[in-house]
Amino acid sequence: MDLPGFTRASRDWFRRPVLNLAPLLLGCALARTTGDGTVAVRITEVEAYAGPADPGSHAFRGRTARNATMFGEPGHLYCYFSYGVHHNLNVVCDEAGTPTGCLLRAGQVIRGAELARSRRTAKPRATALPEQHLARGPGNLGQALGSSRETDGADLLGDEWSWWLPQDPPALWRTGPRVGVSGPGGDGELHPWRFWLPGEPSVSAYRPGTARASRGR
DNA sequence: CCAACGATTAACT
DNA sequence: GTTAATCGTTGGT
């Protein structure tokens with residue numbers, strides 16, 4: 001398995017504070033290979049969740065059976081069941097014992113579009129979906145990759161799931177309020193921790209955000 | 001044990 | 001813009 005223009009990430013690449021890692025995830029590729037083939041998604045939108053100090057985080061009230069994966073080694077997938085319907089994917093960040101992660105909110109399917117589409121054909125209008133919308137939204141991204149209850153804890157340095165760094169990383173991103181997280185005065189005031197690549201068709205046009213230049217890599 | 005609530009989506013007005 | 005669908009997790013009784 002290879003991806004032109006990308007190289008595989010090491011465990012240590014994930015070993016940094018969540019707010020530092022979050023923008024670096026943009027432009028990376030997440031791939032999954034099964035007997036049916038490979039689907040790879042280039043990440044265009046993420047949200048950071050900062051653990052015990054973050055009221056929006058699943059880890060805010062400590063360790064539970066559900067969020068245990070976030071307490072483990074970085075470079076694994078924390079997959080949780082959302083609204084009785086979706087299997088949303090997070091990249092576990094920072095050192096083991098620091099329960100932080102980034103929710104993968106959207107991406108562009110760069111390999112296996114046919115397979116990704118077939119995984120979404122349960123939805124009546126899926127056959128009419130433009131390719132750019134196959135992995136738009138966290139639930140849809142999870143669905144395009146076929147994530148399930150079994151996905152929680154998967155290692156991104158394994159054979160089935162893999163994480164890829166772009167040879168030519170994006171130089172610019174935007175930040176804004178997280179989606180679906182409430183808080184006093186609006187969560188966005190305190191935690192503008194949604195990061196996305198401007199101008200990407202796979203990113204839904206939510207609220208406007210602030211442009212930030214990258215500080216070099 | 002039980003009731004409330006989502007890190008959402010798609011369909012409908 | 002609004003709302004129903006849908007069910008595991010959580011926290012309180």
Side-chain angles (χ1 to χ4, degrees), chain A residues 18-19 21-23 25-26 30 41 43-71 74 76-94 98-107 109 116-154 174-196 201-209:
Chain A
V18 59
L19 291 178
L21 184 58
L25 300 177
L26 298 173
L30 169 61
V41 171
I43 302 303
T44 56
E45 179 185 2
V46 303
E47 276 174 6
Y49 287 88
D54 176 6
S57 170
H58 285 173
F60 181 57
R61 291 173 216 285
R63 181 175 182 144
T64 65
R66 176 175 66 160
N67 66 24
T69 298
M70 271 200 292
F71 287 75
H76 290 250
L77 286 173
Y78 165 49
C79 177
Y80 71 93
F81 191 48
S82 170
Y83 285 93
V85 183
H86 310 287
H87 293 277
N88 293 357
L89 297 174
N90 299 254
V91 173
V92 176
C93 307
D94 214 325
T98 304
T100 57
C102 290
L103 173 66
L104 304 178
R105 290 197 57 89
V109 176
R117 183 180 297 277
S118 75
R119 286 173 171 153
R120 293 200 55 192
T121 48
K123 303 285 189 271
R125 300 167 72 172
T127 49
L129 272 178
E131 188 162 319
Q132 311 90 279
H133 291 186
L134 286 174
R136 183 172 73 163
N140 293 332
L141 185 149
Q143 199 174 355
L145 289 161
S147 65
S148 72
R149 172 163 276 274
E150 323 295 310
T151 306
D152 184 46
R174 286 180 160 260
T175 66
R178 294 182 293 186
V179 178
V181 179
S182 56
D187 175 73
E189 302 278 327
L190 294 170
H191 309 302
W193 292 344
R194 184 165 70 101
F195 301 78
W196 72 95
S202 56
V203 178
S204 38
Y206 295 140
R207 289 151 288 189

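Throughout, protein chains are lettered first and strands after them, A, B, ... in sequence-line order, and every chain is numbered starting at 1. All values below come from the heavy atoms of this structure, side chains included, with hydrogens, waters and symmetry mates left out.
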Between [X] ([atom1]) and [N] ([atom2]), how many Å, whole number?
X	N	atom1	atom2	result
A/Arg120	B/dT8	CZ	P	15 Å
A/Asn140	B/dT8	CG	C1'	9 Å
A/Phe81	B/dG6	CZ	P	16 Å
A/Leu77	B/dA7	CG	P	19 Å
A/His87	B/dT9	NE2	P	13 Å
A/Glu45	B/dA7	CD	P	16 Å
A/Leu89	B/dT8	CG	C1'	14 Å
A/Arg136	B/dT8	CZ	P	14 Å

Tell me, please, which residues at least two apart from A/Ser82 pass side-chain hydrogen bond (donor to acceptor under 3.5 Å, both in side chains).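 Scan of A/Ser82 (side-chain hydrogen bond (donor to acceptor under 3.5 Å, both in side chains), adjacent residues dropped) gives none.
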
Could you list the residues that satisfy side-chain hydrogen bond (donor to acceptor under 3.5 Å, both in side chains) with A/Ser147, not counting sequence neighbours?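 A/Ser147 satisfies side-chain hydrogen bond (donor to acceptor under 3.5 Å, both in side chains) with no residue once adjacent residues are dropped.
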
Can you tell me if A/Tyr80 is stacked onto the base of B/dA7, using a 5.5 Å centroid cut-off and an angle below 30°? no

Residues in ring-ring contact (aromatic ring centres under 6.0 Å, His included) with A/His87, at least two apart? A/Phe81

Phosphate contact ([N] OP1 or OP2) by [X] side-chain N/O below 4.0 Å:
X	N	result
A/Asn88	B/dG6	no
A/His58	B/dA7	yes
A/Arg178	B/dT8	no

Under a criterion of less than 4.0 angstrom to any heavy atom of chain A, what are the 5'-terminal and 3'-terminal contacting nucleotides of DNA chain C? C/dT6 to C/dG11

Keeping to residues at least two apart or across chains, list the salt bridge (Lys or Arg N to Asp or Glu O under 4.0 Å) pairs with something in residues 85-94 of chain A.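 Non-adjacent pairs meeting salt bridge (Lys or Arg N to Asp or Glu O under 4.0 Å): zero.
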
Can you list every pair that meets salt bridge (Lys or Arg N to Asp or Glu O under 4.0 Å) and has a residue in residues 49-59 of chain A, with sequence neighbours left out? A/Asp54-A/Arg178

Residues forming a side-chain contact (heavy atoms from CB on, under 4.5 Å) with A/Arg66, sequence neighbours excluded: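 For A/Arg66, the residues satisfying side-chain contact (heavy atoms from CB on, under 4.5 Å) (neighbours in sequence not counted) are A/His58, A/Thr64, A/Tyr78, A/Tyr80.
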
Suppose we screen for side-chain contact (heavy atoms from CB on, under 4.5 Å). Which residues come up paired with A/Phe71, at least two apart in sequence or across chains? A/Ala59, A/Arg63, A/Asn67, A/Pro99

Test A/Tyr49 against every option in A/Thr100, A/Val18, A/Leu103 by the side chain to side chain contact (heavy atoms under 4.5 Å, CB included) rule and name the one that passes.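 Single side chain to side chain contact (heavy atoms under 4.5 Å, CB included) partner of A/Tyr49 among A/Thr100, A/Val18, A/Leu103: A/Leu103.
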
Hey, could you give me the SG/CG distance between A/Cys79 and A/Asn88, rounded to the nearest 0.5 Å?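 Answer rounded to 0.5 Å: 7.5 Å.
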
Would you sketch DNA chain B in dot-bracket for me? Only Watson-Crick or G-U wobble pairs with both distances under 3.5 Å count, crossing pairs as [ ], other-strand pairs as |, the rest as dots. ||||||.|||||.

